[in-house]
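Atoms within each ligand, like the ligands themselves, are counted from 1 in listed order.
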Amino acid sequence: MIQFRSVTKKYKNDNYALRNVNLDILSGEFVFIVGASGAGKSTLMKLLYNEERPTSGTVTIGGINIANLPNDKVPNLRRCMGIVFQDYKLLQNQTIYDNVAYVIRTLGISSKEINARVSGALKIVGLYDKMNATPSELSGGEQQRVGIARAIVNGPPLLIADEPTGNLDPKNSMEIMQILDQINQRGITVIVSTHDNAMVDYFRKRVITLDNGEVVRDIQAGTYE
Ligand SMILES: Nc1ncnc2c1ncn2[C@@H]1O[C@H](COP(=O)(O)OP(=O)(O)O)[C@@H](O)[C@H]1O
Ligand SMILES: [Mg+2]
């Protein structure tokens, strides 16, 4: 599903964030991307959702090289993936329902269909009964569950989560990871960056370790170290 070939990313200030990264991620996999702060995790994620472009090399998703994707094709690419952020990025003045519905309101589908999809996504994350609340009325863990519902409401084949539990305590982190695991079991490819070693050790998924922009380890059913 995803291929990185000789991917290097250098930011303007000559910071090498990724160095000659080669990776294959198969459809249906659950992958942890781990490494210290500054190792390049977020950059790798940003290349996937085309927030950044590689300095050299190719990033291919579903057979399409997105390294030089024309700007007008980026919305199409993003519709094929859900993205979850550490800081949730919810619209504070809108209800949970509207936060999740937002992304599919532009697709020209009926309000009945929107309602069905939003309800389904909120049920998966266990927040169906909070759809009329606003983000400030929810705990951090609940807000992140809204972020996940928003990411999956359009039924994407790929879910990307950059440090989704970075602001959460261990109990809430575990709940979020379990939801991501369940989503993966529905057949969605899930890529999660984290430096939460307890989570990585518990779930025993594929672990790709970045160090100073390089892939230094890539093992199946792995632990953090
Ligand atoms: N927009 C940017 N401009 C310049 N340097 C950046 C930028 N984003 C990240 N970096 C640098 O790239 C390296 C990798 O950063 P990042 O991908 O955010 O790592 P991580 O998510 O693992 O903490 C770091 O040295 C960071 O300072
Ligand atoms: Mg990061």
Task: Test applied, side-chain contact (heavy atoms from CB on, under 4.5 Å); reference residue, Val31; option that passes from Lys205, Gln220, Arg206 - done: Arg206
TODO: Pick one of side chain, backbone, both or neither for how Asn13 approaches ligand 1, counting any non-hydrogen atom pair under 4.0 Å.
DONE: side chain
Which protein heavy atom lies closest to [atom], and at what distance to 0.1 Å?
{"atom": "atom 16 (P) of ligand 1", "answer": "Thr43 OG1, 3.7 Å"}
{"atom": "atom 12 (O) of ligand 1", "answer": "Ala17 CB, 3.4 Å"}
{"atom": "atom 4 (C) of ligand 1", "answer": "Tyr11 CB, 3.3 Å"}
{"atom": "atom 19 (O) of ligand 1", "answer": "Gly40 N, 3.1 Å"}
{"atom": "atom 18 (O) of ligand 1", "answer": "Ser42 CB, 3.7 Å"}
{"atom": "atom 27 (O) of ligand 1", "answer": "Asn15 ND2, 3.8 Å"}

Open item on the list: Pairing donors with acceptors under 3.5 angstrom, does anything connect the side chains of Asp162 and Ser42?
Closed with: yes
Open item on the list: Under a plain distance cut-off of 3.5 Å, with no hydrogens placed, do Asn132 and Thr95 share a side-chain donor-acceptor pair?
Closed with: no
TODO: Tell me whether Ile152 is reachable from Tyr97 by hopping between hydrophobic residues (I, L, V, M, F, W, Y) whose side-chain heavy atoms are closer than 4.5 Å.
DONE: yes
Open item on the list: Let me check something: do Val84 and Leu47 share a hydrophobic cluster, defined by ILVMFWY side-chain heavy atoms less than 4.5 Å apart, either directly or through other members?
Closed with: no
- [ ] Look only at interatomic distance and state if Lys41 has a nitrogen or oxygen under 3.5 Å from any nitrogen or oxygen of ligand 1.
- [x] yes
Task: Selection from Ala39, Ser193, Gly38 by shortest heavy-atom distance to atom 23 (O) of ligand 1 - done: Gly38
Open item on the list: I'd like to know if Arg19 and Asp211 make a salt bridge, using a cut-off of under 4.0 Å between side-chain N and carboxylate O.
Closed with: no
TODO: Salt-bridge test for Glu175 and Arg145: reply yes if a basic N is under 4.0 Å from a carboxylate O, no otherwise.
DONE: yes
- [ ] Would you check if the Mg ion (ligand 2) lies under 2.8 Å from any N, O or S atom of Ser42?
- [x] yes
Task: Ligand-residue contact atoms, ligand 1 with Ala36, heavy atoms, under 4.0 Å - done: 22 (O)
Open item on the list: In terms of relative ring orientation, are Tyr49 and Phe85 parallel, tilted or perpendicular, with 30° and 60° separating the classes?
Closed with: perpendicular
